[in-house]
Engineer: 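One structure follows; several queries about it will come next.
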Amino acid sequence: RTFTAAASDSSGRSTSASMGAPTESEEKREAVRARLWSELARGRAGSVPRVMGSIQSESRPDDGVVIDRLMLAPESASEGTEHAVPVAIVRPYGDWDDKLPVVAFLHGTGGDTEGLMPSLIAMAVRGYIAVGVDAPCHGRRLDPGSMLGQSSSFDVGADVDMPAEGLGHGSGNRRERTFERYGAALVAAWRGEEGNEETNEETNEEGNEGRHSGVARPFLYDGAWDALRALRFVTRGDDYGDLTDPSRVAISGISLGGMYAWLAGAADPSVVTGAVAPIIGVQQFVWGLLNQSWRARVDSLPPALFATAAQDLKGNMRAVDAELVGAVYRRICPGLIDELDGPSSLPLIAPRPLLVVNGELDPRCPYPGLMNAVTETRAAYASANKDNLFRTLVQRDTPHMCTSEMSDVVNRWLDETLRPQRPATPVPTKGNLDPATWIEL
């Protein structure tokens, strides 16, 4: 097949939906998007990535899919192998005539793409090109052999027990290894200075070296950027671009992956063209800081980060309070607790289809902060006359957990929005979901 790259604006900025001069609110949103793009990109161009090593294909005719595993090379020569991006691409088995919609589905903290493989396979069977990306310091990034597509002794999908947080999270030894590497990277980001290209070297117990750059942003921004890189590769590169429909590209994810989906969808509408569906990820970070609701989010990250920051700033590794947490956020994710927080950045997804799914009792994404983000986002959709394309569903009496009901409603909504070849049952229209299960905002 002949591949023709889709035209796009590499800055990630969108064209105003309205005719004529943009309104003041549109100009403000585009300024926020430009800031978000800048923080995610860190000077990188956002070009179509190249493969590092070879693509390893696994045919599963009984499951009806082919699974391709590959590594995307770091984008700039100054970046080490920690910025190589492990990607799994799951596609329907056999030939098909029409170009297919694309969905990136991203895991949570401590998890990996292999843990989401059943979900990715189910998406491909319904007619998607399904994309999984290992987050910084997660999954195949823990094993140097797998970085080059070589055989690996580290079984990233070895854990069989469902984690306490539900689908998409890790547990056991895999989570411990992830937190050791992830914590070292976060500490390097905390202590690094802007423009400093020096790296800290870490050696884990098996002798594998991990390089952690002081300018990297491993908590949120690098993961969102890596997801965009994977989608650019799939939709614009020579290997898959002629198989995919660039007008039907969606991103979803769980917890950490849900935050990636929100930020990536907000930053680059030229890549994420079709839909955004964050699961237990949307929040307002500053609301948590101002209302003593920051602890659960802090506890979801490796303890080395905040202990190191407390020791550096206060001489006491236990002196973690809202002020210190805010200082950490400002350093490792500039803008996160002001211009790029939920109420400012989530509205950037408008007017594309957006489904937000959270739990009512989620301490990491407190309900009042979620409401603030939803209120601002609803106003953006209303101003574009696209109210019907934004939905927020909150599962009653549910903590920070991706439940089967959440997974089901997101998959049905994606099918309804992107129209794959074999869709599931559509989501009930607004006001017709089971009120004993869902609050619809």
Side-chain angles (χ1 to χ4, degrees), residues 6 8 12-18 26 29 33 36 99-106 119 123 126-131 224 227-228 231 234-235 244-254 257-282 342 345-358 370 373-394 406-421 423-433 438 440-441:
S8 65
R13 301 181 188 181
S14 65
T15 303
S16 173
S18 61
E26 288 170 338
R29 284 197 290 270
R33 193 192 315 278
L36 178 59
K99 292 191 174 187
L100 301 182
V102 178
V103 176
F105 189 48
L106 310 172
S119 298
M123 288 176 172
R126 298 203 310 277
Y128 293 101
I129 302 290
V131 181
L228 288 171
L231 288 174
V234 171
T235 58
T244 61
D245 181 353
S247 69
R248 291 187 292 163
V249 179
I251 188 166
S252 181
I254 299 166
M259 291 186 277
Y260 291 163
W262 145 30
L263 293 171
D268 199 342
S270 74
V271 171
V272 184
T273 56
V276 182
I279 305 171
I280 58 173
V282 173
S345 59
L346 191 67
L348 301 180
I349 297 171
R352 290 161 291 159
L354 170 62
L355 173 66
V356 173
V357 178
N358 275 40
L370 168 67
V374 168
T375 298
E376 295 298 323
T377 304
R378 184 182 294 121
Y381 278 84
S383 69
N385 295 316
K386 296 292 184 180
D387 307 68
N388 61 314
L389 297 185
F390 174 45
R391 298 184 73 175
T392 302
L393 304 178
V394 177
M406 290 179 180
S407 297
D408 178 63
V409 78
V410 167
N411 279 307
R412 290 161 63 188
W413 180 83
L414 287 170
D415 289 355
E416 183 180 343
T417 302
L418 299 177
R419 304 293 182 184
Q421 294 179 357
T425 306
V427 180
T429 56
K430 189 169 185 177
N432 290 310
L433 284 165
W438 297 103
E440 183 153 14
L441 302 180

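Since this is a predicted model, take the numbers as computed values, not measurements.
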Engineer: Kindly compute the distance separating CG (N358) from OG1 (T392), expressed to the nearest 0.5 Å.
Structural biologist: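 Between atom CG of N358 and atom OG1 of T392 there are 8.5 Å.
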
Engineer: Nearest 0.5 Å, please: how far is CD1 in I251 from OG1 in T273?
Structural biologist: 11.5 Å

Engineer: Would you please test L418 and V102 for side chain to side chain contact (heavy atoms under 4.5 Å, CB included) and show each step?
Structural biologist: CA-CA 9 Å; L418 299 177; V102 178; over 6 Å; no

Engineer: Tell me the closest heavy-atom pair linking M406 and V357, and the distance in Å.
Structural biologist: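 Heavy atoms of M406 and V357 come nearest at CG-CG1, 3.6 Å.
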
Engineer: Please answer whether the main-chain N or O of P347 pairs with a side-chain N or O of E376 as donor and acceptor at a distance below 3.5 Å.
Structural biologist: no

Engineer: Once rounded to the nearest 0.5 Å, what's the spacing between atom CG of L100 and atom CZ of R126?
Structural biologist: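 These two atoms lie 13.0 Å from each other.
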
Engineer: Do you know which two heavy atoms are closest between V409 and L355, and how far apart they sit?
Structural biologist: O-CD2, 4.3 Å

Engineer: Taking side chain as C-beta onward, heavy atoms only, is P426 less than 4.5 Å from D415?
Structural biologist: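 A side-chain contact under 4.5 Å is absent here.
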
Engineer: With no hydrogens and no angle check, is any side-chain donor or acceptor of R352 less than 3.5 Å from a backbone partner on G265?
Structural biologist: yes

Engineer: Give the minimum heavy-atom separation between S345 and W262, together with the two atoms involved.
Structural biologist: OG-NE1, 2.9 Å

Engineer: Quick one: CG on L354 to CH2 on W413, what's the gap to the nearest 0.5 Å?
Structural biologist: 6.5 Å

Engineer: Backbone N or O of A266 within a donor-acceptor pair of the R33 side chain at under 3.5 Å?
Structural biologist: yes

Engineer: Shortest non-hydrogen contact from P351 to A384?
Structural biologist: CB-CB, 4.1 Å

Engineer: How about I280 and I254: do any of their side-chain heavy atoms sit closer than 4.5 Å?
Structural biologist: yes

Engineer: Tell me the closest heavy-atom pair linking A275 and L414, and the distance in Å.
Structural biologist: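 Closest pair (atom of A275, atom of L414, distance): CB-CD2, 4.4 Å.
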
Engineer: Do S383 and R29 have side chains that approach each other closer than 4.5 Å (heavy atoms only, starting at C-beta)?
Structural biologist: yes

Engineer: Side-chain contact, heavy-atom cut-off 4.5 Å: T244 with K99?
Structural biologist: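 A side-chain contact under 4.5 Å is absent here.
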
Engineer: Are the side chains of I349 and T377 in contact, using a 4.5 Å heavy-atom criterion?
Structural biologist: no

Engineer: Hey, what do you get for CG (L441) to NZ (K430), rounding to the nearest 0.5 Å?
Structural biologist: 9.0 Å

Engineer: With rounding to the nearest 0.5 Å, note down the distance linking OG1 in T429 to CZ in R391.
Structural biologist: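 Between T429 OG1 and R391 CZ, I get 7.0 Å after rounding to 0.5 Å.
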
Engineer: Closest approach of M123 and F105, non-hydrogen atoms and distance?
Structural biologist: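 It is CE-CG, 3.9 Å.
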
Engineer: Does P420 reach the side chain of R248, with side-chain heavy atoms less than 4.5 Å apart?
Structural biologist: no

Engineer: With a 4.5 Å heavy-atom cut-off, do N388 and Y381 have their side chains touching?
Structural biologist: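 Side chain of N388 against side chain of Y381, heavy atoms only: no contact under 4.5 Å found.
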
